[in-house]
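Below, chains carry the letters A, B, ... as their sequence lines are ordered, and counting in each starts from 1.
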Protein chains: 2
Amino acid sequence: MLAADDLRAATLFSRLSDREIDALIPIVREQTLAKGTPLFHEGEPMDRLYLVISGWVTLFRDTNTGQRVVIRVFGPGETLAEAALFLDSAFPASGEVAEDARLVSIDRAAFERLLAASPRVATGMIASLAMHLRALTVEVEQLKTRTATERIAAFLLTCCPNGRKARSTFELPYDKSLIAQRLGMQPESLSRNLAKLGCHGISIDRNRVTIDDPKVLENALGSGTLGRLSSG
Amino acid sequence: MLAADDLRAATLFSRLSDREIDALIPIVREQTLAKGTPLFHEGEPMDRLYLVISGWVTLFRDTNTGQRVVIRVFGPGETLAEAALFLDSAFPASGEVAEDARLVSIDRAAFERLLAASPRVATGMIASLAMHLRALTVEVEQLKTRTATERIAAFLLTCCPNGRKARSTFELPYDKSLIAQRLGMQPESLSRNLAKLGCHGISIDRNRVTIDDPKVLENALGSGTLGRLSSG
DNA sequence: CGATCCACTTGACCAAAGTCAAGGCGGGTG
DNA sequence: CACCCGCCTTGACTTTGGTCAAGTGGATCG
(Lines give C-alpha, C1' and ligand atoms only; values in the text may rest on other atoms or scores of the structure.)
Protein backbone atom coordinates (compact mmCIF):
# COMPACT_ATOMS: atom_id res chain seq x y z
CA MET A 1 0.00 0.00 0.00
CA LEU A 2 0.91 3.60 -0.50
CA ALA A 3 2.44 5.06 2.64
CA ALA A 4 3.01 8.67 3.64
CA ASP A 5 6.75 7.98 3.65
CA ASP A 6 6.62 7.00 -0.01
CA LEU A 7 5.43 10.49 -0.83
CA ARG A 8 7.71 12.24 1.57
CA ALA A 9 10.70 10.54 -0.06
CA ALA A 10 10.27 13.00 -2.92
CA THR A 11 11.94 16.38 -2.49
CA LEU A 12 8.79 17.84 -3.92
CA PHE A 13 6.74 16.71 -0.94
CA SER A 14 9.36 16.33 1.75
CA ARG A 15 8.42 19.59 3.47
CA LEU A 16 4.71 18.94 3.73
CA SER A 17 3.03 18.53 7.08
CA ASP A 18 1.44 15.21 8.05
CA ARG A 19 -1.93 16.74 7.43
CA GLU A 20 -0.98 17.88 3.93
CA ILE A 21 0.45 14.47 3.05
CA ASP A 22 -2.71 12.75 4.28
CA ALA A 23 -4.76 15.07 2.11
CA LEU A 24 -2.58 14.14 -0.82
CA ILE A 25 -3.03 10.39 -0.58
CA PRO A 26 -6.62 10.16 -1.78
CA ILE A 27 -6.02 12.36 -4.82
CA VAL A 28 -2.98 10.60 -6.26
CA ARG A 29 -3.14 7.63 -8.62
CA GLU A 30 -0.98 4.64 -7.85
CA GLN A 31 -0.03 2.15 -10.52
CA THR A 32 2.26 -0.80 -10.96
CA LEU A 33 3.59 -0.98 -14.49
CA ALA A 34 5.65 -3.49 -16.39
CA LYS A 35 8.96 -2.78 -18.08
CA GLY A 36 8.42 -1.22 -21.47
CA THR A 37 5.12 0.51 -20.69
CA PRO A 38 4.99 3.94 -22.29
CA LEU A 39 3.96 6.73 -19.92
CA PHE A 40 3.72 9.78 -22.15
CA HIS A 41 4.80 10.76 -25.59
CA GLU A 42 6.96 13.57 -26.92
CA GLY A 43 5.01 16.50 -28.29
CA GLU A 44 1.88 15.90 -26.28
CA PRO A 45 0.88 18.29 -23.53
CA MET A 46 1.78 16.76 -20.20
CA ASP A 47 -1.16 16.17 -17.93
CA ARG A 48 0.29 14.34 -14.98
CA LEU A 49 3.27 14.54 -12.68
CA TYR A 50 4.96 11.26 -11.81
CA LEU A 51 6.75 10.06 -8.73
CA VAL A 52 8.73 6.83 -8.84
CA ILE A 53 8.22 4.68 -5.75
CA SER A 54 10.19 1.69 -6.99
CA GLY A 55 11.65 0.64 -10.31
CA TRP A 56 13.01 2.90 -13.04
CA VAL A 57 11.60 5.25 -15.64
CA THR A 58 13.44 6.70 -18.66
CA LEU A 59 12.98 10.14 -20.11
CA PHE A 60 14.09 10.13 -23.75
CA ARG A 61 13.72 11.62 -27.18
CA ASP A 62 13.63 9.85 -30.51
CA THR A 63 15.54 12.08 -32.93
CA ASN A 64 14.44 12.33 -36.51
CA THR A 65 17.47 10.33 -37.58
CA GLY A 66 15.97 7.40 -35.71
CA GLN A 67 18.23 7.14 -32.70
CA ARG A 68 16.99 7.32 -29.13
CA VAL A 69 18.61 9.79 -26.72
CA VAL A 70 18.10 9.05 -23.05
CA ILE A 71 17.98 12.34 -21.17
CA ARG A 72 17.73 10.87 -17.72
CA VAL A 73 16.71 7.75 -15.84
CA PHE A 74 14.58 8.29 -12.76
CA GLY A 75 14.60 6.01 -9.74
CA PRO A 76 12.87 5.68 -6.36
CA GLY A 77 12.01 9.01 -4.74
CA GLU A 78 12.42 11.03 -7.93
CA THR A 79 9.73 13.04 -9.66
CA LEU A 80 9.41 13.64 -13.39
CA ALA A 81 7.87 16.36 -15.41
CA GLU A 82 6.98 18.80 -12.70
CA ALA A 83 8.48 21.53 -14.85
CA ALA A 84 6.30 20.44 -17.73
CA LEU A 85 3.14 21.06 -15.76
CA PHE A 86 4.32 24.57 -15.36
CA LEU A 87 5.59 25.53 -18.79
CA ASP A 88 2.40 24.54 -20.47
CA SER A 89 3.65 24.00 -24.00
CA ALA A 90 4.07 20.51 -25.44
CA PHE A 91 6.52 18.35 -23.56
CA PRO A 92 9.70 17.74 -25.54
CA ALA A 93 10.41 14.17 -24.44
CA SER A 94 8.81 10.78 -23.94
CA GLY A 95 8.70 8.60 -20.84
CA GLU A 96 8.75 4.84 -20.47
CA VAL A 97 9.08 2.27 -17.72
CA ALA A 98 12.64 0.88 -17.83
CA GLU A 99 12.20 -1.70 -15.07
CA ASP A 100 8.95 -2.87 -13.50
CA ALA A 101 7.86 0.09 -11.46
CA ARG A 102 5.44 1.34 -8.88
CA LEU A 103 4.46 4.91 -9.69
CA VAL A 104 2.35 7.58 -8.15
CA SER A 105 0.98 10.30 -10.35
CA ILE A 106 -1.01 13.45 -9.85
CA ASP A 107 -3.37 15.05 -12.23
CA ARG A 108 -2.35 18.46 -13.56
CA ALA A 109 -5.42 20.23 -12.24
CA ALA A 110 -5.10 18.69 -8.81
CA PHE A 111 -1.46 19.64 -8.63
CA GLU A 112 -2.16 23.21 -9.62
CA ARG A 113 -4.75 23.41 -6.87
CA LEU A 114 -2.19 22.08 -4.44
CA LEU A 115 0.39 24.57 -5.61
CA ALA A 116 -2.01 27.45 -5.18
CA ALA A 117 -3.14 26.26 -1.76
CA SER A 118 0.16 25.55 -0.08
CA PRO A 119 3.30 27.66 -0.21
CA ARG A 120 5.16 24.58 0.99
CA VAL A 121 4.34 22.85 -2.25
CA ALA A 122 5.76 25.79 -4.18
CA THR A 123 8.86 25.64 -2.04
CA GLY A 124 9.14 21.91 -2.62
CA MET A 125 8.76 22.48 -6.32
CA ILE A 126 11.61 24.98 -6.36
CA ALA A 127 13.82 22.61 -4.37
CA SER A 128 12.93 19.74 -6.64
CA LEU A 129 13.70 21.70 -9.80
CA ALA A 130 16.92 22.94 -8.29
CA MET A 131 17.99 19.35 -7.68
CA HIS A 132 17.19 18.31 -11.21
CA LEU A 133 19.21 21.26 -12.40
CA ARG A 134 22.13 20.18 -10.29
CA ALA A 135 21.90 16.66 -11.64
CA LEU A 136 21.88 17.80 -15.26
CA THR A 137 24.80 20.10 -14.58
CA VAL A 138 26.83 17.15 -13.39
CA GLU A 139 25.73 15.25 -16.46
CA VAL A 140 26.92 17.99 -18.82
CA GLU A 141 30.21 18.21 -17.01
CA GLN A 142 30.77 14.48 -17.31
CA LEU A 143 29.88 14.36 -20.97
CA LYS A 144 32.25 17.21 -21.71
CA THR A 145 35.28 16.07 -19.77
CA ARG A 146 35.25 12.39 -19.00
CA THR A 147 36.06 9.48 -21.22
CA ALA A 148 33.66 6.58 -21.59
CA THR A 149 35.65 4.54 -19.08
CA GLU A 150 35.51 7.32 -16.52
CA ARG A 151 31.79 7.86 -16.94
CA ILE A 152 31.24 4.16 -16.38
CA ALA A 153 33.35 4.16 -13.25
CA ALA A 154 31.47 7.18 -11.92
CA PHE A 155 28.17 5.47 -12.66
CA LEU A 156 29.20 2.29 -10.86
CA LEU A 157 30.18 4.35 -7.85
CA THR A 158 26.73 5.93 -7.72
CA CYS A 159 25.21 2.44 -7.88
CA CYS A 160 27.40 1.34 -5.02
CA PRO A 161 25.21 0.74 -1.98
CA ASN A 162 26.18 3.53 0.37
CA GLY A 163 28.88 3.21 2.85
CA ARG A 164 31.35 2.46 0.08
CA LYS A 165 33.41 0.31 2.30
CA ALA A 166 35.78 -2.22 0.83
CA ARG A 167 34.40 -4.81 -1.58
CA SER A 168 30.89 -3.71 -2.39
CA THR A 169 28.79 -6.06 -4.46
CA PHE A 170 25.55 -5.07 -6.12
CA GLU A 171 23.34 -5.60 -9.15
CA LEU A 172 23.16 -3.20 -12.05
CA PRO A 173 19.87 -1.32 -11.71
CA TYR A 174 18.74 -1.76 -15.32
CA ASP A 175 19.76 -3.22 -18.67
CA LYS A 176 23.26 -2.60 -19.92
CA SER A 177 21.94 -1.19 -23.16
CA LEU A 178 20.06 1.45 -21.17
CA ILE A 179 23.10 2.18 -19.04
CA ALA A 180 25.02 2.74 -22.26
CA GLN A 181 22.41 5.20 -23.48
CA ARG A 182 22.33 6.95 -20.14
CA LEU A 183 26.08 7.41 -20.27
CA GLY A 184 26.03 8.53 -23.88
CA MET A 185 27.83 5.65 -25.55
CA GLN A 186 27.16 2.55 -27.65
CA PRO A 187 26.50 -0.79 -25.94
CA GLU A 188 29.71 -2.09 -27.50
CA SER A 189 31.70 0.65 -25.83
CA LEU A 190 30.13 -0.08 -22.47
CA SER A 191 30.99 -3.73 -22.83
CA ARG A 192 34.59 -3.13 -23.78
CA ASN A 193 35.21 -0.49 -21.16
CA LEU A 194 33.65 -2.57 -18.42
CA ALA A 195 36.13 -5.26 -19.34
CA LYS A 196 38.97 -2.71 -19.17
CA LEU A 197 37.91 -1.76 -15.64
CA GLY A 198 38.86 -5.26 -14.57
CA CYS A 199 42.39 -3.90 -14.03
CA HIS A 200 40.99 -1.45 -11.52
CA GLY A 201 39.42 -3.89 -9.15
CA ILE A 202 36.00 -4.18 -10.75
CA SER A 203 34.61 -7.54 -11.71
CA ILE A 204 31.37 -8.15 -13.56
CA ASP A 205 29.44 -11.34 -13.85
CA ARG A 206 26.28 -11.00 -15.85
CA ASN A 207 24.73 -8.00 -14.05
CA ARG A 208 26.38 -8.53 -10.72
CA VAL A 209 29.19 -6.08 -10.04
CA THR A 210 31.89 -6.23 -7.41
CA ILE A 211 34.11 -3.26 -6.64
CA ASP A 212 37.17 -4.26 -4.67
CA ASP A 213 37.72 -0.84 -3.14
CA PRO A 214 35.37 2.03 -3.97
CA LYS A 215 37.64 4.55 -2.27
CA VAL A 216 40.56 3.64 -4.50
CA LEU A 217 38.36 3.80 -7.58
CA GLU A 218 37.05 7.20 -6.53
CA ASN A 219 40.56 8.55 -6.18
CA ALA A 220 41.63 7.10 -9.51
CA LEU A 221 38.63 8.81 -11.08
CA GLY A 222 39.42 12.15 -9.51
CA SER A 223 43.04 12.15 -10.55
CA GLY A 224 42.44 10.92 -14.09
CA THR A 225 44.41 7.73 -13.55
CA LEU A 226 41.80 5.55 -15.18
CA GLY A 227 42.86 6.45 -18.69
CA ARG A 228 46.05 4.49 -19.21
CA LEU A 229 45.64 1.09 -17.66
CA SER A 230 48.51 -0.70 -16.00
CA SER A 231 47.54 -4.11 -17.40
CA GLY A 232 46.97 -5.81 -14.03
CA MET B 1 20.45 53.71 -16.23
CA LEU B 2 18.63 50.67 -14.99
CA ALA B 3 15.14 50.49 -16.43
CA ALA B 4 12.14 48.46 -15.34
CA ASP B 5 12.24 46.67 -18.69
CA ASP B 6 15.76 45.44 -17.98
CA LEU B 7 14.43 43.57 -14.99
CA ARG B 8 11.30 42.40 -16.65
CA ALA B 9 13.36 40.82 -19.43
CA ALA B 10 14.21 38.07 -16.95
CA THR B 11 11.72 35.22 -16.70
CA LEU B 12 12.24 35.43 -12.98
CA PHE B 13 10.69 38.90 -12.82
CA SER B 14 8.57 38.97 -15.93
CA ARG B 15 5.33 38.43 -14.05
CA LEU B 16 5.80 41.15 -11.48
CA SER B 17 3.50 44.14 -11.37
CA ASP B 18 4.83 47.63 -12.10
CA ARG B 19 4.65 48.37 -8.42
CA GLU B 20 6.69 45.29 -7.52
CA ILE B 21 9.33 46.09 -10.15
CA ASP B 22 9.61 49.63 -8.87
CA ALA B 23 10.12 48.31 -5.37
CA LEU B 24 12.85 46.07 -6.70
CA ILE B 25 14.95 48.76 -8.33
CA PRO B 26 16.29 50.40 -5.17
CA ILE B 27 17.37 47.11 -3.61
CA VAL B 28 19.35 45.66 -6.51
CA ARG B 29 23.01 46.36 -7.17
CA GLU B 30 24.01 47.33 -10.67
CA GLN B 31 27.57 46.93 -11.91
CA THR B 32 29.50 47.18 -15.11
CA LEU B 33 32.32 44.67 -15.21
CA ALA B 34 35.19 44.02 -17.57
CA LYS B 35 35.86 40.75 -19.34
CA GLY B 36 37.66 38.35 -17.08
CA THR B 37 36.27 39.63 -13.79
CA PRO B 38 35.50 36.74 -11.43
CA LEU B 39 32.02 36.84 -9.90
CA PHE B 40 32.00 33.97 -7.47
CA HIS B 41 34.06 30.92 -6.79
CA GLU B 42 33.30 27.23 -6.68
CA GLY B 43 32.81 25.85 -3.21
CA GLU B 44 31.79 29.11 -1.61
CA PRO B 45 28.25 29.64 -0.41
CA MET B 46 26.42 31.79 -2.93
CA ASP B 47 25.19 35.06 -1.55
CA ARG B 48 23.82 36.90 -4.57
CA LEU B 49 21.63 36.19 -7.55
CA TYR B 50 22.79 37.69 -10.86
CA LEU B 51 20.89 38.97 -13.85
CA VAL B 52 22.75 39.72 -17.06
CA ILE B 53 21.60 42.97 -18.68
CA SER B 54 24.22 43.00 -21.42
CA GLY B 55 27.40 41.08 -22.13
CA TRP B 56 28.11 37.46 -21.24
CA VAL B 57 28.89 35.47 -18.11
CA THR B 58 30.28 31.93 -17.93
CA LEU B 59 29.44 29.33 -15.35
CA PHE B 60 32.27 26.80 -15.16
CA ARG B 61 34.15 24.32 -13.05
CA ASP B 62 37.88 23.73 -12.87
CA THR B 63 38.35 19.99 -12.53
CA ASN B 64 41.18 18.65 -10.44
CA THR B 65 42.97 17.54 -13.58
CA GLY B 66 43.31 21.21 -14.44
CA GLN B 67 40.89 21.59 -17.31
CA ARG B 68 38.02 24.05 -17.30
CA VAL B 69 34.50 22.81 -18.06
CA VAL B 70 32.06 25.45 -19.14
CA ILE B 71 28.62 24.46 -17.92
CA ARG B 72 26.74 27.31 -19.53
CA VAL B 73 27.17 30.81 -20.88
CA PHE B 74 24.54 33.33 -19.82
CA GLY B 75 23.50 36.31 -21.92
CA PRO B 76 21.14 39.28 -21.72
CA GLY B 77 17.93 38.55 -19.83
CA GLU B 78 19.23 35.42 -18.16
CA THR B 79 19.60 34.84 -14.43
CA LEU B 80 22.27 32.75 -12.73
CA ALA B 81 22.39 30.93 -9.49
CA GLU B 82 18.83 31.38 -8.35
CA ALA B 83 18.81 27.69 -7.52
CA ALA B 84 21.92 28.15 -5.42
CA LEU B 85 20.24 30.66 -3.18
CA PHE B 86 17.73 28.01 -2.43
CA LEU B 87 19.79 24.88 -1.91
CA ASP B 88 21.98 26.49 0.65
CA SER B 89 25.00 24.26 0.45
CA ALA B 90 28.20 25.41 -1.26
CA PHE B 91 27.82 26.28 -4.90
CA PRO B 92 29.52 23.74 -7.16
CA ALA B 93 30.72 26.11 -9.89
CA SER B 94 32.44 29.41 -10.51
CA GLY B 95 31.27 32.42 -12.49
CA GLU B 96 33.22 34.91 -14.56
CA VAL B 97 32.53 37.75 -16.98
CA ALA B 98 33.17 36.45 -20.50
CA GLU B 99 32.56 39.73 -22.32
CA ASP B 100 32.25 43.19 -20.77
CA ALA B 101 28.92 43.05 -19.00
CA ARG B 102 26.32 45.04 -17.20
CA LEU B 103 24.90 43.00 -14.35
CA VAL B 104 22.24 43.39 -11.75
CA SER B 105 22.48 41.38 -8.60
CA ILE B 106 20.36 40.87 -5.55
CA ASP B 107 21.48 40.02 -2.10
CA ARG B 108 20.43 36.64 -0.78
CA ALA B 109 18.56 38.02 2.19
CA ALA B 110 16.72 40.58 0.09
CA PHE B 111 15.73 37.94 -2.40
CA GLU B 112 14.45 35.64 0.29
CA ARG B 113 12.32 38.46 1.63
CA LEU B 114 10.98 39.04 -1.85
CA LEU B 115 10.24 35.36 -2.29
CA ALA B 116 8.35 35.22 0.97
CA ALA B 117 6.43 38.40 0.24
CA SER B 118 5.27 37.77 -3.29
CA PRO B 119 3.86 34.54 -4.67
CA ARG B 120 4.58 35.97 -8.12
CA VAL B 121 8.29 35.84 -7.38
CA ALA B 122 7.94 32.18 -6.41
CA THR B 123 6.08 31.54 -9.62
CA GLY B 124 8.75 33.38 -11.59
CA MET B 125 11.40 31.34 -9.87
CA ILE B 126 9.72 28.10 -10.84
CA ALA B 127 9.37 29.27 -14.43
CA SER B 128 12.96 30.39 -14.51
CA LEU B 129 14.26 27.10 -13.14
CA ALA B 130 12.06 25.20 -15.56
CA MET B 131 13.64 27.10 -18.45
CA HIS B 132 17.15 26.39 -17.26
CA LEU B 133 16.18 22.77 -16.99
CA ARG B 134 14.91 22.77 -20.54
CA ALA B 135 18.11 24.41 -21.77
CA LEU B 136 20.32 21.84 -20.06
CA THR B 137 18.17 19.03 -21.41
CA VAL B 138 18.82 20.27 -24.93
CA GLU B 139 22.50 20.50 -24.09
CA VAL B 140 22.65 16.89 -22.93
CA GLU B 141 20.83 15.75 -26.00
CA GLN B 142 23.22 17.59 -28.28
CA LEU B 143 26.30 16.29 -26.53
CA LYS B 144 25.01 12.74 -26.74
CA THR B 145 23.89 12.65 -30.33
CA ARG B 146 25.45 15.36 -32.46
CA THR B 147 28.91 15.53 -33.93
CA ALA B 148 31.13 18.57 -33.36
CA THR B 149 30.17 19.97 -36.76
CA GLU B 150 26.48 19.64 -36.01
CA ARG B 151 26.79 21.29 -32.62
CA ILE B 152 28.59 24.20 -34.22
CA ALA B 153 25.92 24.59 -36.88
CA ALA B 154 23.21 24.50 -34.22
CA PHE B 155 25.08 27.13 -32.23
CA LEU B 156 25.46 29.42 -35.22
CA LEU B 157 21.75 29.13 -35.87
CA THR B 158 20.98 30.25 -32.34
CA CYS B 159 23.30 33.24 -32.84
CA CYS B 160 21.52 34.09 -36.04
CA PRO B 161 19.61 37.33 -35.50
CA ASN B 162 16.01 36.23 -35.54
CA GLY B 163 14.01 36.16 -38.64
CA ARG B 164 16.46 33.70 -40.17
CA LYS B 165 15.79 34.99 -43.61
CA ALA B 166 18.29 34.42 -46.38
CA ARG B 167 21.88 35.57 -45.85
CA SER B 168 22.15 36.52 -42.20
CA THR B 169 25.36 38.16 -41.10
CA PHE B 170 26.35 38.59 -37.48
CA GLU B 171 29.27 38.65 -35.06
CA LEU B 172 30.17 35.76 -32.80
CA PRO B 173 29.04 36.70 -29.30
CA TYR B 174 32.28 35.77 -27.52
CA ASP B 175 35.74 34.35 -28.07
CA LYS B 176 36.11 31.25 -30.18
CA SER B 177 37.95 29.47 -27.43
CA LEU B 178 34.94 29.99 -25.17
CA ILE B 179 32.56 28.85 -27.89
CA ALA B 180 34.63 25.69 -28.18
CA GLN B 181 34.34 25.07 -24.44
CA ARG B 182 30.64 25.77 -24.49
CA LEU B 183 30.18 23.21 -27.23
CA GLY B 184 32.40 20.67 -25.53
CA MET B 185 35.29 20.50 -27.96
CA GLN B 186 38.87 21.73 -28.38
CA PRO B 187 39.55 25.08 -30.05
CA GLU B 188 41.32 23.20 -32.85
CA SER B 189 38.18 21.18 -33.53
CA LEU B 190 36.08 24.30 -33.66
CA SER B 191 38.47 25.89 -36.09
CA ARG B 192 38.60 22.90 -38.41
CA ASN B 193 34.89 22.25 -38.34
CA LEU B 194 34.06 25.88 -38.97
CA ALA B 195 36.19 25.62 -42.08
CA LYS B 196 34.33 22.45 -43.10
CA LEU B 197 31.03 24.31 -42.84
CA GLY B 198 32.16 26.50 -45.72
CA CYS B 199 30.67 23.82 -48.02
CA HIS B 200 27.31 24.44 -46.42
CA GLY B 201 26.99 28.12 -47.12
CA ILE B 202 28.71 29.47 -44.04
CA SER B 203 31.60 31.86 -44.33
CA ILE B 204 33.69 33.20 -41.48
CA ASP B 205 35.97 36.16 -41.48
CA ARG B 206 37.61 36.79 -38.16
CA ASN B 207 34.52 36.76 -35.91
CA ARG B 208 32.03 37.86 -38.52
CA VAL B 209 29.80 35.03 -39.75
CA THR B 210 27.58 34.90 -42.80
CA ILE B 211 25.02 32.16 -43.29
CA ASP B 212 23.79 31.99 -46.86
CA ASP B 213 20.51 30.35 -46.01
CA PRO B 214 19.65 29.52 -42.41
CA LYS B 215 16.61 27.51 -43.48
CA VAL B 216 18.71 25.18 -45.62
CA LEU B 217 21.24 24.78 -42.82
CA GLU B 218 18.47 24.01 -40.35
CA ASN B 219 17.11 21.28 -42.59
CA ALA B 220 20.56 19.81 -43.18
CA LEU B 221 21.01 19.70 -39.40
CA GLY B 222 17.68 18.00 -38.82
CA SER B 223 18.24 15.31 -41.40
CA GLY B 224 21.83 14.59 -40.48
CA THR B 225 23.15 15.67 -43.88
CA LEU B 226 25.97 17.70 -42.38
CA GLY B 227 28.14 14.69 -41.68
CA ARG B 228 29.49 13.70 -45.08
CA LEU B 229 30.33 16.82 -46.97
CA SER B 230 29.83 17.04 -50.70
CA SER B 231 33.03 19.03 -51.27
CA GLY B 232 31.36 22.08 -52.74
C1' DC C 1 15.92 -31.82 -24.62
C1' DG C 2 16.82 -29.18 -28.50
C1' DA C 3 15.42 -24.84 -31.12
C1' DT C 4 15.13 -20.14 -30.84
C1' DC C 5 15.52 -15.61 -29.24
C1' DC C 6 17.60 -11.90 -27.05
C1' DA C 7 21.02 -9.36 -24.73
C1' DC C 8 25.43 -8.97 -24.55
C1' DT C 9 30.33 -9.68 -26.10
C1' DT C 10 34.20 -9.77 -29.20
C1' DG C 11 36.78 -8.67 -33.24
C1' DA C 12 38.28 -5.98 -37.21
C1' DC C 13 37.98 -1.77 -39.23
C1' DC C 14 37.06 3.25 -39.74
C1' DA C 15 35.98 7.95 -38.76
C1' DA C 16 35.96 11.67 -35.51
C1' DA C 17 38.12 14.27 -32.32
C1' DG C 18 42.18 15.09 -29.17
C1' DT C 19 47.17 16.13 -28.87
C1' DC C 20 51.36 18.21 -29.92
C1' DA C 21 53.83 21.42 -32.42
C1' DA C 22 54.54 25.07 -35.57
C1' DG C 23 53.09 29.03 -38.00
C1' DG C 24 50.11 33.30 -39.30
C1' DC C 25 47.66 37.35 -38.31
C1' DG C 26 46.14 41.57 -35.80
C1' DG C 27 46.23 44.65 -32.18
C1' DG C 28 48.67 46.98 -28.97
C1' DT C 29 53.12 49.06 -27.29
C1' DG C 30 57.48 51.17 -27.13
C1' DC D 1 57.34 51.46 -37.77
C1' DA D 2 59.00 47.35 -35.82
C1' DC D 3 58.19 44.31 -32.16
C1' DC D 4 55.75 41.26 -29.28
C1' DC D 5 51.95 38.79 -27.48
C1' DG D 6 47.54 36.23 -27.69
C1' DC D 7 44.35 34.10 -30.32
C1' DC D 8 43.48 31.45 -33.78
C1' DT D 9 44.64 28.26 -37.59
C1' DT D 10 47.03 24.35 -39.85
C1' DG D 11 49.40 20.16 -40.15
C1' DA D 12 50.84 15.43 -38.76
C1' DC D 13 49.88 11.91 -35.76
C1' DT D 14 47.44 9.24 -31.94
C1' DT D 15 43.63 7.78 -29.46
C1' DT D 16 38.96 7.10 -28.66
C1' DG D 17 34.82 5.58 -29.73
C1' DG D 18 31.50 4.20 -33.51
C1' DT D 19 30.19 0.77 -37.04
C1' DC D 20 29.46 -3.61 -38.96
C1' DA D 21 29.44 -8.33 -38.45
C1' DA D 22 29.87 -12.60 -36.27
C1' DG D 23 29.74 -15.29 -32.11
C1' DT D 24 28.38 -16.69 -27.15
C1' DG D 25 25.51 -17.97 -23.55
C1' DG D 26 21.38 -17.87 -20.77
C1' DA D 27 16.50 -18.10 -20.71
C1' DT D 28 12.16 -19.51 -22.64
C1' DC D 29 9.16 -22.42 -25.18
C1' DG D 30 7.60 -26.06 -27.70
Side-chain angles (χ1 to χ4, degrees), chain A residues 34-36 58 63 65-70 98-99 142-153 155 171-198 202-209 224-229 231, chain B residues 34-36 63 65-70 98-100 142-153 155 171-199 202-209 224-231:
Chain A
K35 176 172 174 172
T58 45
T63 67
T65 57
Q67 52 193 331
R68 171 166 297 191
V69 208
V70 168
E99 289 296 333
Q142 298 238 344
L143 287 170
K144 280 187 179 170
T145 57
R146 323 235 80 150
T147 66
T149 317
E150 291 168 331
R151 296 202 300 274
I152 295 170
F155 175 76
E171 308 247 320
L172 292 175
Y174 33 81
D175 292 351
K176 285 186 183 166
S177 56
L178 178 56
I179 295 175
Q181 288 183 293
R182 227 227 71 168
L183 299 177
M185 66 188 72
Q186 300 310 115
E188 291 95 327
S189 285
L190 175 63
S191 214
R192 275 188 260 268
N193 285 295
L194 270 177
K196 256 196 225 164
L197 282 171
I202 296 180
S203 35
I204 293 103
D205 175 44
R206 192 115 187 94
N207 64 352
R208 185 148 209 88
V209 178
T225 325
L226 280 188
R228 284 99 195 108
L229 50 87
S231 71
Chain B
K35 176 171 173 173
T63 66
T65 58
Q67 52 192 331
R68 172 166 297 192
V69 208
V70 168
E99 289 295 333
D100 293 359
Q142 298 237 345
L143 287 169
K144 281 188 179 171
T145 59
R146 322 234 81 149
T147 65
T149 317
E150 290 169 331
R151 296 202 300 274
I152 294 170
F155 175 76
E171 307 248 321
L172 292 175
Y174 33 81
D175 292 352
K176 284 186 184 165
S177 57
L178 178 56
I179 296 177
Q181 287 181 298
R182 224 228 74 167
L183 299 176
M185 66 188 72
Q186 300 311 115
E188 291 97 327
S189 286
L190 176 63
S191 213
R192 278 188 258 268
N193 285 296
L194 270 177
K196 256 196 224 163
L197 282 172
C199 325
I202 296 179
S203 35
I204 294 103
D205 175 45
R206 192 110 189 97
N207 63 353
R208 184 147 210 88
V209 178
T225 324
L226 281 187
R228 283 98 196 107
L229 49 87
S230 44
S231 72

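Here T147(B) does not reach the OP1 or OP2 of dA16(C): none of its side-chain N or O atoms lies under 4.0 Å away.
Rounding to whole angstrom units, CG of residue L183(B) and C1' of dG18(C) are separated by 16 Å. Look at CD on Q186(A): it is 15 Å from C1' on dT9(C), rounded to the nearest Å. Between the CG atom of L226(B) and the C1' atom of dA17(C) there is a distance of 17 Å, rounded to whole Å. In this structure, N207(A) places its CG atom 11 Å from C1' of dA7(C), rounding to the nearest Å. Across the protein-nucleic acid pair, D205(B) atom CG and dC25(C) atom C1' stand 12 Å apart, rounded to whole Å. Look at CD on E150(B): it is 14 Å from C1' on dG18(D), rounded to the nearest Å. One can place CG of N193(A) at 16 Å from P of dC8(C), the figure rounded to the nearest angstrom. As a whole-Å value, the separation of Q67(A) CD from dG17(D) P is 17 Å.
Residues K196(A) and T149(A) come closest through the heavy atom pair NZ-OG1, 4.3 Å. Heavy-atom minimum distance, E99(A) versus K35(A): OE2-NZ, 3.5 Å. Closest non-hydrogen pair, L197(A) versus A153(A), comes out as CD1-N, 4.2 Å. Residues K144(B) and L143(A) come closest through the heavy atom pair CG-CD1, 4.0 Å.
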Between the protein and nucleotides 7-10 of chain D, list every N/O to N/O distance that falls short of 3.5 Å.
residue : atom : partner : partner atom : Å
dC8(D)  : OP1  : K176(B) : N            : 3.0
dC8(D)  : OP2  : S177(B) : N            : 3.3
dC8(D)  : OP2  : S177(B) : OG           : 3.4
dT9(D)  : OP1  : K176(B) : NZ           : 2.7
dT9(D)  : OP2  : S191(B) : OG           : 2.7
dT9(D)  : O5'  : S191(B) : OG           : 2.8

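No side-chain donor-acceptor contact under 3.5 Å links N193(A) to the backbone of A148(A).
Partners of R146(A) according to the salt bridge (Lys or Arg N to Asp or Glu O under 4.0 Å) rule, which considers only residues two or more places apart in sequence or in another chain, are E150(A).
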